[in-house]
> 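Here you go, one structure.
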Amino acid sequence: MIEILKSNLKTEIETKLQNHYSEKINLVVETPKNSELGDISIPVFSIVKVVRRPLLEVVEIVREMIESSKYKDNFSEIKKISGFINIKLNRIKVSQAVINEFSSNQNYGNSNIGIGKTVVIDYSSPNIAKPFSVGHLRSTVIGHAIGNILEKLSYKVVRINHLGDFGTQFGKIIYAYLNFGDKEKVKKNPIDELVKLYVKFHKIAKDKPEIEEKAREIFKELEQKNPKYVELWEYFREVSLKEYMKVYKLLNVEFDHYDGEAFYNDKMASVVKELREKSLLKKDQGAMIVDLGEEYPPALIQKRDGSTLYITRDLAALFYRKRTYDFDEVLYVVGNEQKLHFDQLKAVVRKMGYDYYQDIHHINFGLVLQNGKKMSTREGKVVKLIDVLNEASKLSLKYINEKNPSLENKEEIAKKVGVSAIIFNDLKNYRANDIEFNLKDMVNFVGQTGPYLQYTSVRISSILKENQIDKDSIDYNYYTNDYSYELIKTIDEYRDILLKAKSEYSPSVLAKYLLTLASYFNSFYSQEKVMVEDLIERNSKLYLISIVRYILDDGMKLLGMKVIKKM
RNA sequence: GCGCUCAUAGCUCAAUUGGAUAGAGCGUUUGACUACGGAUCAAAAGGUUUCGGGUUCGACUCCUGAUGAGCGCGCCA
């Protein structure tokens, strides 16, 4: 509501200024950083610059324009402070508008900006026959949350898990499996065993480099669909996927497609052909490249031996997705270190003459660090996500036993709290930054954490549980005190926050907002008794906190967290 | 060597994208339960925004140089 008022006011005053000074001025209308100053703030420096009149004179003119605004009924105070004009709004009017909007919308916070638009999101994408590491966690939860936010804004979302299920390493694993693998062991514990075989392969290859050649041959035959190898490949893929599904189930993550790299195997020849027809291919040191001039290093399309590379596969996938889903945007949730790759990809697409290179977005993210270094076990191995999730659940169970030992379904709730804590920790900071992974801080339940949000929602639930709310007997006067009004204004921001999270492709915008909302609620709660005698007052407060809970729960769900009623 | 990120309180991070007194959480110190959930709240201490120069009425934000950290740069993905 306030955002709309701001933009209406902006338009109105800009027109008035244009009439007055016959100059076009871009007026800044913002929210003061300190809410004691007011609800809307207009710095007039930019006007002064254009019209070259004394500051105080301009301030006075603008103040008069605001005073005579057609929206003036909404204002309760207009104040000049140095170069700023600060407006306080009529709190009753604001509350009324915000509450009404909430009441009349079944899906508060939504928007129709995405109607008719399709966004393809490529995320998670673990590598077959390798453990699902904490490294994949980031891509998974960021992609999932962005997808949810987009759906809330009415976009059609196509979720693709671009599995790493192809490449020379499969030749190695198949070779190792056939020559020194134990079928029973692999069956029992597929990924761990396959990793061991892969490691063993490299150990042996040190003394017997000729097996590298064997592995390459096997891979080549796999590409040519040698049924024996295809069967093994399918087997590895299946057992790996089965393991990943356990993680996805815990995280509540789903995909529309699991088309991995192999899926595009037969779609690459046409890419090479098209590049050749458009005279973009150039032979260089035996390989085929697309020259990207000064801007970027050349893109390597084809190896000396004729086989294709990463970028070729990504081109094939891109064209397939464009044909199949006719996307308006395609998002690749992939780490920072691949920035150059996506820059090259875009550049090649542009050179091929497709405008939609502009719709390709690399949703980059930083590393997961522990004590400032890339996270790994003591032996230097990758940390398995499932272990981390279990550990977090165990720790939250410990806390529940301390804080609320009589709680029912403790294990189940501990799991929801622990997993959500990890998800929230991943999403609360801007994605391109590295994140520090400290289990204790995440599940410590104190401060800016997932459990803090869940706890706040649970507190509200326990009040609401026993009470009916009558939406028709609300007195907006109860929303005018500072604590309530902060809540009203924050509730009002929800949609804009989601839109901002979308435009930045950063769930952290939402995560940070939820922390603010929860914090305002807890302040409110410590100052304002809800269960008062007066029925109208009680009802008004109950309704307010029920809205807070709605947003907390809705927001947590969008982030991929679990909503609980008790903890 | 070239390119891309980043540097804010002891620690983890914000800062309306160039606006007012740079804000939160953790940690530290202190206070608040015969209260609707204290996993909470309130308060204090903590800053030359890495360093220099520039642009601007105004710079954490833009330009430039330095220092430090990370990442990438033709036959992996």
Side-chain angles (χ1 to χ4, degrees), chain A residues 28-34 37 41 43 45-46 48-49 55 81-84 86 125 127 162 164 166-169 261 284-289 295-311 313-314 334-341 343-344 364 366-367 369 372-374 396 399-400 402-404 417 425 428-430 432-436 438 440-449 451-452 454-456 458-467 496 500 504 508 512 515-516 518-519 521-532 538 541-542 545 566-567:
Chain A
V28 180
V29 179
E30 56 190 22
T31 308
K33 63 167 58 167
N34 186 341
L37 291 169
S41 167
F45 309 104
S46 54
V48 171
K49 201 172 195 175
L55 179 73
I81 302 173
S82 62
F84 295 86
N86 293 328
S125 312
N127 297 318
H162 190 70
F166 218 59
T168 354
Q169 75 266 26
E261 291 166 358
D284 193 282
Q285 299 172 36
M288 299 305 281
I289 62 163
E295 213 180 345
Y296 302 113
L300 224 68
I301 300 293
Q302 211 170 42
K303 295 193 223 173
R304 233 187 309 256
D305 67 5
S307 57
T308 51
L309 284 140
Y310 184 35
I311 198 163
R313 215 159 292 144
D314 261 1
V334 180
N336 281 334
E337 66 278 4
Q338 291 197 34
K339 183 176 188 307
L340 179 61
H341 166 74
D343 286 342
Q344 289 175 317
N364 59 323
L367 299 169
L369 303 178
K373 282 187 290 188
K374 208 167 172 173
S396 42
Y399 282 105
I400 289 172
E402 284 168 16
K403 303 279 182 187
N404 193 0
V417 173
N425 178 69
K428 75 174 171 183
N429 294 327
Y430 180 63
N433 298 339
D434 294 343
I435 58 169
E436 187 64 31
N438 183 328
K440 265 198 183 145
D441 281 355
M442 290 186 301
V443 195
N444 202 7
F445 297 12
V446 178
Q448 301 170 328
T449 63
Y452 176 74
Q454 286 170 319
Y455 173 71
T456 306
V458 163
R459 273 180 125 182
I460 299 174
S461 290
S462 82
I463 303 171
L464 294 177
K465 194 174 53 187
E466 312 272 319
N467 295 284
D496 300 311
K500 190 179 173 202
E504 292 180 15
S508 66
K512 289 228 147 83
L515 286 174
T516 306
S519 164
F521 167 78
N522 283 315
S523 299
F524 166 89
Y525 185 80
S526 68
Q527 292 295 322
E528 296 277 327
K529 190 161 167 65
V530 175
M531 295 308 293
V532 289
R538 183 198 289 192
K541 287 176 170 175
L542 284 172
I545 68 170
K566 283 183 179 179
M567 68 190 280

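Lettering of chains follows the sequences in order, A, B, ..., and the numbering in each one begins at 1. For the numbers below, each heavy atom of this structure counts, side chains included, while hydrogens, waters and symmetry mates do not.
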> Expressed as a whole number of Å, how far does the C1' atom of B/C60 sit from that of B/U56?
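Straight-line distance between the two C1' atoms is 16 Å.
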> Checking the side chain of A/S41 only, and the main-chain atoms of A/P32 only, is there a donor and an acceptor separated by less than 3.5 Å?
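No, A/S41 side chain to A/P32 backbone: no donor-acceptor pair under 3.5 Å.
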> Across all strands, who's sitting opposite B/A9 as a Watson-Crick or G-U wobble pair, both distances under 3.5 Å?
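Base-paired to nothing in any strand shown.
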> Round to the nearest Å and state the distance from A/F524 atom CZ to B/C36 atom P.
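Between P of B/C36 and CZ of A/F524: 15 Å.
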> Taking for each residue the nucleotide of RNA chain B bearing the nearest heavy atom, is the 5' side occupied by A/K403 or by A/S82?
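Whichever sits nearer the 5' end wins; that is A/S82.
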> Using a strict threshold of under 4.0 Å (side-chain N to carboxylate O), is an ion pair present between A/K339 and A/D343?
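Salt bridge: yes.
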> Can you tell me how far P of B/C75 sits from CD of A/Q169, to the nearest Å?
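Whole-Å distance recorded here is 16 Å.
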> Of all the nucleotides listed (B/A77, B/U40, B/G37), which has the minimum atom distance to the side chain of A/E261?
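Minimum distance to the A/E261 side chain belongs to B/A77.
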> Given atom OH of A/Y296 and atom P of B/C2, what is their separation to the nearest angstrom?
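For the pair A/Y296 OH and B/C2 P, the rounded distance is 19 Å.
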> Counting N and O atoms only, with roles assigned by atom type, does the side chain of A/N336 sit under 3.5 Å from a partner on the main chain of A/A432, one being a donor and the other an acceptor?
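Here the side-chain-to-backbone pair exists.
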> Among the nucleotides B/G72, B/C75, B/U40, which one has an atom lying closest to any side-chain atom of A/K303?
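Comparing B/G72, B/C75, B/U40 against the side chain of A/K303, the answer is B/C75.
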> With a 4.0 Å cut-off on heavy atoms, is A/I400 in touch with a base, just the backbone sugar-phosphate, or nothing at all?
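Since a base atom lies under 4.0 Å of A/I400, the category is base.
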> Atom CD of A/E402 and atom C1' of B/G38: how far apart are they, to the nearest Å?
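Interatomic distance, CD of A/E402 to C1' of B/G38: 14 Å.
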> Just name whichever nucleotide pairs with B/U16, Watson-Crick or G-U, keeping both distances under 3.5 Å, else none.
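B/U16 is unpaired by these criteria.
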> Do we count A/F84 as stacking onto B/A20 if the rule is ring centres under 5.5 Å and planes under 30°?
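Aromatic stack with B/A20 present for A/F84.
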> If you measure only the distance, is there a donor-acceptor pair under 3.5 Å linking the side chains of A/T456 and A/N522?
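Short answer, yes.
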> Name the pairing partner of B/C62, where a pair is Watson-Crick or G-U wobble with both distances under 3.5 Å, or state none.
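Base partner found: B/G54.
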> For B/C36, take OP1 and OP2 only and decide whether either is under 4.0 Å from a side-chain N or O of A/S462.
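Answer is no, no contact under 4.0 Å.
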> How would you label the contact of A/I463 with the nucleic acid (heavy atoms, under 4.0 Å): base, sugar-phosphate, or nothing?
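Base contact.
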> Is A/N433 close enough to B/A14 that one of its side-chain N or O atoms is under 4.0 Å from OP1 or OP2 there?
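Indeed, a polar side-chain atom of A/N433 lies that close.
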> Counting heavy atoms from C-beta on, name the nucleotide in B/G74, B/C71, B/C73 closest to the side chain of A/E337.
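Shortest atom-to-atom distance from the side chain points to B/C71.
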> From C-beta outward on A/N522, which listed nucleotide comes closest to its side chain: B/G74, B/U16, B/C41?
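Looking only at side-chain atoms, A/N522 lies closest to B/C41.
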> Atom CG of A/D305 to atom C1' of B/G74: distance rounded to whole Å?
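Checked: the CG to C1' distance equals 13 Å.
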> So which nucleotide from B/C75, B/A77, B/A14 ends up closest to the side chain of A/Y430?
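My answer, after comparing the listed nucleotides, is B/A14.
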> From the set B/C36, B/A42, B/C76, return the single nucleotide nearest to any side-chain atom of A/V530.
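So the side chain of A/V530 is nearest to B/C36.
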> Taking A/K428 for its side chain and A/Q448 for its backbone only, find out whether a donor-acceptor pair lies under 3.5 Å.
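Yes, A/K428 side chain to A/Q448 backbone: donor-acceptor pair under 3.5 Å.
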> For A/Q338, report the nucleic acid contact type (base, sugar-phosphate, nothing); a contact means any heavy atom under 4.0 Å.
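If one applies the 4.0 Å heavy-atom cut-off, A/Q338 turns out to touch a base.
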> Does B/A20 have its OP1 or OP2 closer than 4.0 Å to a side-chain nitrogen or oxygen of A/K33?
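So the side chain of A/K33 is within the cut-off, an N or O lying under 4.0 Å from OP1 or OP2 of B/A20.
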> B/G25 phosphate, OP1 or OP2: any side-chain N/O from A/S519 under 4.0 angstrom?
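Indeed not, no polar side-chain atom of A/S519 lies that close.
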> When the distance from CD of A/E30 to C1' of B/U61 is rounded to whole Å, what number comes out?
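Taking atom C1' of B/U61 as the reference, CD of A/E30 is at 14 Å.
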> P atom, B/U64 versus B/G18: distance in rounded Å?
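About 16 Å, rounded to a whole number of Å.
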> Can you tell me, in whole Å, how much space there is between the P of B/U67 and that of B/G74?
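Looking at atom P only, B/U67 and B/G74 are 26 Å apart.
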> When the C1' atoms of B/G25 and B/A15 are compared, how many Å lie between them, rounded to an integer?
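The same atom, C1', in both gives a distance of 15 Å.
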> Could you tell me how far apart A/I311 (CD1) and B/C73 (C1') are, to the nearest whole angstrom?
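These atoms are roughly 13 Å apart.
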> Looking at the base of B/A42, is there any donor atom on it, or on the side chain of A/S523, that sits under 3.5 Å from an acceptor on the other one?
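No, no donor-acceptor pair under 3.5 Å.
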> Checking side-chain polar atoms at under 3.5 Å, does A/S508 have a donor or acceptor matched by the opposite partner on A/N429?
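Short answer, no.
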> If we take the C1' atom in both B/G38 and B/A42, what is their distance in whole Å?
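These two C1' atoms come out 13 Å apart once rounded.
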> Quick one: label A/T31 by what it contacts on the DNA or RNA (base, sugar-phosphate, nothing), any heavy atom closer than 4.0 Å.
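Result for A/T31 = base.
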> How far does the P atom of B/G27 sit from the matching atom of B/U5, given to the nearest Å?
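My reading of the P atoms in B/G27 and B/U5 gives 36 Å.
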> Across the strands shown, which category fits A/E528 at heavy-atom distances under 4.0 angstrom: base, sugar-phosphate, nothing?
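Counting heavy atoms under 4.0 Å across all strands, the contact made by A/E528 includes a base.
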> Keeping A/D284 on the side-chain end and A/I289 on the backbone end, is there a donor-acceptor pair under 3.5 Å?
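Absent.
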> Distance check needed: B/G18 P versus A/K49 NZ, whole Å only.
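About 13 Å, once rounded to whole Å.
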> Say we look at B/C63 and B/G31: how far apart would their C1' atoms be, to the nearest angstrom?
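B/C63 and B/G31 have their C1' atoms separated by 49 Å.
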> Work out how far the P atom of B/U50 is from that of B/U16, and round it to whole angstrom.
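My reading of the P atoms in B/U50 and B/U16 gives 16 Å.
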> If you only use heavy atoms from C-beta on, which nucleotide in B/U16, B/C41, B/C13 is closest to the side chain of A/K512?
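The listed nucleotide nearest to A/K512's side chain is B/C13.
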> Between B/G37, B/C36, B/A77, which nucleotide gets closest to the side-chain atoms of A/K529?
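Selected nucleotide (nearest to the side chain): B/C36.
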> Indicate whether OP1 or OP2 belonging to B/C33 is found under 4.0 Å from a side-chain N or O atom of A/Y525.
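Checking A/Y525 against B/C33: no side-chain N or O falls below 4.0 Å of OP1 or OP2.
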> Are side-chain N/O atoms of A/Q338 and A/Y310 paired as donor and acceptor at under 3.5 Å?
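On atom types as modelled, these side chains qualify, holding a pair under 3.5 Å.
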> What form does the base of B/U17 take, syn (within 90° of 0) or anti?
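In terms of base orientation relative to the sugar, B/U17 is syn.
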> What does A/V28 touch in the nucleic acid at a heavy-atom separation under 4.0 angstrom: a base, only the sugar-phosphate, or nothing?
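Counting heavy atoms under 4.0 Å across all strands, no contact is made by A/V28.
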> Just by modelled atom types, is the A/Q285 backbone N or O under 3.5 Å from a matching donor or acceptor in the A/R304 side chain?
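Yes; at least one donor-acceptor contact below 3.5 Å.
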> A/P451 or A/F166: which one's nearest nucleotide on RNA chain B is closer to the 5' end?
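Nearer the 5' end of the strand: A/P451.
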> Return no unless some side-chain N or O of A/K428 is found under 4.0 Å from OP1 or OP2 of B/A24.
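A/K428 to B/A24 OP1/OP2: no side-chain N or O under 4.0 Å.
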> Given B/G74, B/C76, B/G38, which nucleotide is nearest the side-chain atoms of A/Q285?
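Minimum distance to the A/Q285 side chain belongs to B/G74.
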> Quick one: look up who B/C4 pairs with, Watson-Crick or G-U, both distances under 3.5 Å, and put none if it's unpaired.
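Checking every strand shown, B/C4 finds its partner in B/G70, with both distances under 3.5 Å.
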> Does any donor-acceptor pair link the side chain of A/N429 with the base of B/A14 at a separation under 3.5 Å?
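Not at all, since no donor on one side and acceptor on the other fall under 3.5 Å apart.
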> Could you please name the partner base of B/A32, counting Watson-Crick and G-U wobble pairs only when both distances are under 3.5 Å?
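By the stated definition (distances under 3.5 Å), B/U40 pairs with B/A32.
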> Base, sugar-phosphate, or nothing: which does A/N34 touch, judged by heavy atoms less than 4.0 Å apart?
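Nothing, no heavy atom under 4.0 Å.
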> A/N404 has a side chain; which of B/G74, B/U16, B/G37 sits nearest to it?
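Comparing B/G74, B/U16, B/G37 against the side chain of A/N404, the answer is B/G37.
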> Nearest 0.5 Å, please: how far is NZ in A/K33 from OG1 in A/T31?
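Atom-to-atom, A/T31:OG1 and A/K33:NZ are 12.5 Å apart.
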